[in-house]
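Worksheet: the structure to be examined is printed underneath.
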Amino acid sequence: MYKTRNRNLLMYTSAVVILGVGITYAAVPLYRMFCSATGFAGTPTFFPQQKYVDVLPGESSLAFYKARNESKKDVIGIATYNVTPDRVAPYFSKVECFCFEEQKLLAGEEVDMPLLFFIDKDIMDDPSCRGINDIVLSYTFFKARRNAQGHLEPDAEEDVVQKSLGFEGYEHSPRAETRKTEGRNAGS
């Protein structure tokens with residue numbers, strides 16, 4: 001009796017584990033197929049045209065990103081950036097950047113997006129930056145929407161935006177809209 005029960009338990013457990021692994025393996029391709037078929041979420045694809053750029057402090061450099069609108073509708077996008085290690089961020093300066101303004105992508109359009117930047121040579125005098133040879137600049141490109149004040153904001157959950165900015169795991173104060181709503185509810 002226990003032998004049969006243990007064998008059944010092993011079979012069910014193995015089936016659940018195999019099913020879980022299979023779903024995990026298939027999740028990303030299925031999500032991409034869903035997004036491209038419906039135009040939902042990830043409509044703009046965004047990637048750097050070069051993986052590495054060699055830059056000396058004080059010299060300007062040019063890098064290019066590419067964005068493609070995978071949907072059948074025009075979209076407006078905005079980009080957020082993050083520089084790591086964070087202690088070099090004060091020395092990283094963007095002269096011209098696609099992230100300074102909204103980017104309208106027509107249906108099916110692919111565009112090159114330039115970034116002109118430099119690393120301030122004062123970084124060489126900062127003891128906390130000694131030994132840093134690699135700086136990572138990352139961008140997240142979001143489909144955008146207009147908020148109640150008419151300003152563009154990422155069309156994504158707040159935690160996704162905060163993660164893209166490098167603030168994952170930090171406690172944030174409530175957004176202005178949330179504070180106003182909470183204040184009205186407290187007064188009633």
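Since the model is a prediction, treat every value here as computed from it, not as a measurement.
Shown here are the ring pair (Phe, Tyr, Trp, His ring centres under 6.0 Å) partners of Tyr91, two or more places apart in sequence or in another chain: there are none.
Atoms CG and NZ, on Leu106 and Lys73 in that order, are 15.0 Å from each other to the nearest 0.5 Å. Between the CD1 atom in Ile123 and the CG atom in Asp120 there is a gap of 8.5 Å [rounded to 0.5 Å]. Lys94 NZ to Cys99 SG: the interatomic distance, rounded to the nearest 0.5 Å, is 3.5 Å.
Clustering ILVMFWY residues whenever any of their side-chain heavy atoms sit less than 4.5 angstrom apart, transitively, puts Phe47 in a cluster other than the one holding Val75. Met124 and Phe92 fall within the same hydrophobic cluster, where Ile, Leu, Val, Met, Phe, Trp and Tyr residues are linked whenever their side-chain heavy atoms come under 4.5 Å apart, directly or through other members.
Checked against a 6.0 Å centroid threshold, the rings of Tyr139 and Phe98 count as neighbours.
Judged by distance alone, with hydrogens and angles left aside, the side-chain atoms of Asn69 form a donor-acceptor pair with the main-chain N or O of Leu105 at under 3.5 Å. The closest donor-acceptor contact from the side chain of Thr84 to the backbone of Asp86 lies at 3.5 Å or more, if one exists at all.
With a 4.5 Å cut-off on side-chain heavy atoms, Phe117 and Cys97 do not count as touching. You'll find the side chain of Arg7 stays beyond 4.5 Å of the side chain of Leu9, heavy atoms only. Counting heavy atoms from C-beta outward, Gln103 and Ile78 have side chains that stay 4.5 Å or more apart.
For Arg5, the CZ atom sits in a loose shell: 12 or fewer heavy atoms of surrounding residues, nucleotides or ligands are nearer than 6.0 Å. Atom CD of Glu96 is surrounded by 12 or fewer heavy atoms from other residues, nucleotides or ligands within 6.0 Å. A 6.0 Å sphere centred on CG of Asp125 holds more than 12 heavy atoms belonging to other residues, nucleotides or ligands.
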Walk me through it: do Lys66 and Glu110 pass the test salt bridge (Lys or Arg N to Asp or Glu O under 4.0 Å)?
-> CA-CA 7 Å; Lys66 190 175 287 278; Glu110 183 175 278; 3.4 Å; yes

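Grouping Ile, Leu, Val, Met, Phe, Trp and Tyr by side-chain contacts under 4.5 Å, direct or through others, puts Leu116 with Leu62, Phe64, Val95, Phe118. Clustering of Ile, Leu, Val, Met, Phe, Trp and Tyr by side-chain heavy atoms under 4.5 Å joins Leu56 with none of the others.
Tested against Phe46, the residues Phe141, Tyr81, Phe142 include a single ring-ring contact (aromatic ring centres under 6.0 Å, His included) partner, Phe141.
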